[in-house]
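Working notes, structure below.
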Amino acid sequence: METIESSKEAYLYLEKGEVLISSGQLILFMKEKQVYLKAPQWTAKVSQEDFLELFKTHSFILYEKKEESDSSLKDEEYYQWRSHYL
């Protein structure tokens with residue numbers, strides 16, 4: 001996972017459509033030139049200026065989507081195993 005140490009760099013990632021994670025389970029993403037902040041109990045949106053000011057001392061982690069494996073392949077392996085041993 002890539003760590004981002006400045007709010008300016010984080011904002012550039014958000015502009016590219018990336019999702020960031022900050023401390024305290026805070027998820028950040030951008031939609032229509034607004035930065036959305038999502039926590040377990042609340043959601044907010046802030047402007048670019050507010051984001052840069054509020055998060056200038058925070059660090060972020062770049063969220064990476066995990067590749068989903070082909071479930072049909074898993075099913076096939078399971079049934080081959082099952083027919084062999086049962």
Any side-chain heavy-atom pair of Leu26 and Ile21 under 4.5 Å: no
Heavy-atom pair of closest approach, residues Ser7 and Phe55: CB-O, 3.4 Å
Phe29: which of Tyr11, Tyr63, Tyr36 passes ring-ring contact (aromatic ring centres under 6.0 Å, His included): Tyr36
Non-hydrogen atoms of Ile4 and Ala10 that approach each other most closely: CG2-N, 3.6 Å
Note, Lys8 side chain near Leu12 side chain (heavy atom, < 4.5 Å): no
ILVMFWY network linking Leu62 to Leu52, side-chain heavy atoms under 4.5 angstrom: yes
Separation of Glu49 CD from Leu54 CG (nearest 0.5 Å): 11.0 Å
Same apolar cluster (I L V M F W Y, side chains within < 4.5 Å links), Ile27/Leu14: no
Taking every non-hydrogen atom, the tightest pair across Ser59 and Ser22: O-OG, 3.7 Å
Minimal non-hydrogen separation, Leu28 against Val35, with atom names: CD2-CG1, 4.4 Å
For the student: nearest non-hydrogen atoms of Glu64 and Glu2, plus distance: OE2-N, 4.1 Å
Student check: side-chain heavy atoms of Glu15 and Met30 closer than 4.5 Å: yes
